[in-house]
Amino acid sequence: MYEILSNIEGMNPPISIIDLANSIELTDHHCHGVEKTNLERADFEIIATESDWPEPNGMTIFDSPVGIMMRAECSGFLGLPKHCSPDDYFERRYELGQNKVTQLLLPATGIKTFLIDSGAPPVNTGAEVRQESSAFSHNSITTFKEMAEITPGTSAYEIVRLESVAESIAHKTSAATFANDFAAALATAAVHALGFKSIIAYRYGLDFNPARPSEREVVVAAGEWLEATANQPRPRMNHPVLLRHILWEAVDYGTAIQFHVGYGDSDIVMHRCDPTQMTEFLKMTVDSGTSITLLHCYPFIREAGYLAQVYPHVYLDTGAAAHWTGLSSATIVAQSVEMAPMSKVLFSSDAFGLPELYYIGTLVWRRAIGSILDKWVQSDGLGYQDAVKYLNWMANDNARRAYRLLPE
Ligand SMILES: [Zn+2]
């Protein structure tokens, strides 16, 4: 059904850009695993939003932009009429079971290559960590290897979350050995990781001091952090000096580093997640060999587009923003190609847990980018061959360049 575009010259008559966008294989450069247990209604309602709270007053997430899209676009896969009721949708979904719904929807996304954020908190729903009392556990989420197994012919790679690596050594390190222990743990993780991810936006803000901390500062900071978290079963890496230290350690690898930007759950302070607040860090890493990929970016998509134009190692996507905004997502995808060079825009679903989010994330991006490029071609502002090339870049090749992922 989905295919890599090749031999465009041989297409006669040429396929419309809209049809191509609907049928091209995708490289999803940032997403998470799928939930494996059959979710109860309350759990489904909370995983289908970034809010930490259920809809108030007995209302339902099915009346949010993403819920409306589920009932319109996923219902057919479940054997339901379009625009079915929330109760009918959920009842059918529950009856089929989570894994069956995943088997129906995930192959329909056309994602050929998954780059999976394997951040390992016990509870995680997409952008960040949920409250520990939540019903979801890490063990019920597919690993990156299991993701590839769900759809034959796909491949999956791991993106390692820096803060998770630091948290994994908390109970077996000391202030004096933290730097060495973290370096060793990161080296082990890097053996099988395609890139790293930073959630410094969550743990501090993107207005962090860009300077690399000195060895002495790291020892002092590690002492403070270990003391503050000594009694926590799962220490949370939130020390501003150590957050910078682990980031710079990742820069040394010269691979890609993903940054959570903008939109996220109630754990973020939105105005501190504007990516222009890390401009100085971007300046300092221009020649590092690292690709910086800005994730989600909502509502700072124009700011991210500006950074992607000015700094050669910066890329952006509209993952999560696209599926959460549903019918309004075309505006957001359009902003991603306002300013950034076509070689800097990436596709991601940023889906987590629900197979519906992978399907809707791909569907709305395909529709939006197809419509935008087609409009440009129809107005004769863009040549057809260039439009096909740019579509291919954004769907696959830009991610392959940013992550140095060789064609299969
Ligand atoms: Zn994510």
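Index from 1, following the sequence. As the structure lists them, so they are numbered: ligands from 1, and atoms in each ligand from 1. Hydrogens, waters and symmetry mates are skipped; everything else that's a heavy atom, side chains included, is used. On a predicted model such as this, the values are computed, not experimentally measured, just so you know.
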query: Should the ring pair Trp225 and Phe178 be called parallel, tilted or perpendicular, given that the plane angle runs from 0 to 90° and is split at 30 and 60?
result: perpendicular
message: Parallel, tilted or perpendicular: which one describes the rings of Trp324 and Tyr263, with boundaries at 30° and 60°?
response: tilted
message: Rounded to the nearest 0.5 Å, what separates atom CG in Asp397 from atom CG in Leu405?
response: 10.5 Å
field: Separation of Lys375 NZ from Gln378 CD (nearest 0.5 Å)
entry: 11.5 Å
- request: Please name the atom of His32, restricted to N, O or S, that is closest to the Zn ion (ligand 1).
  value: NE2
message: Restricting to N/O/S atoms, is His296 within less than 2.8 Å of the Zn ion (ligand 1) or not?
response: no
message: Among the N, O or S atoms of Asp350, which one sits nearest to the Zn ion (ligand 1)?
response: OD1
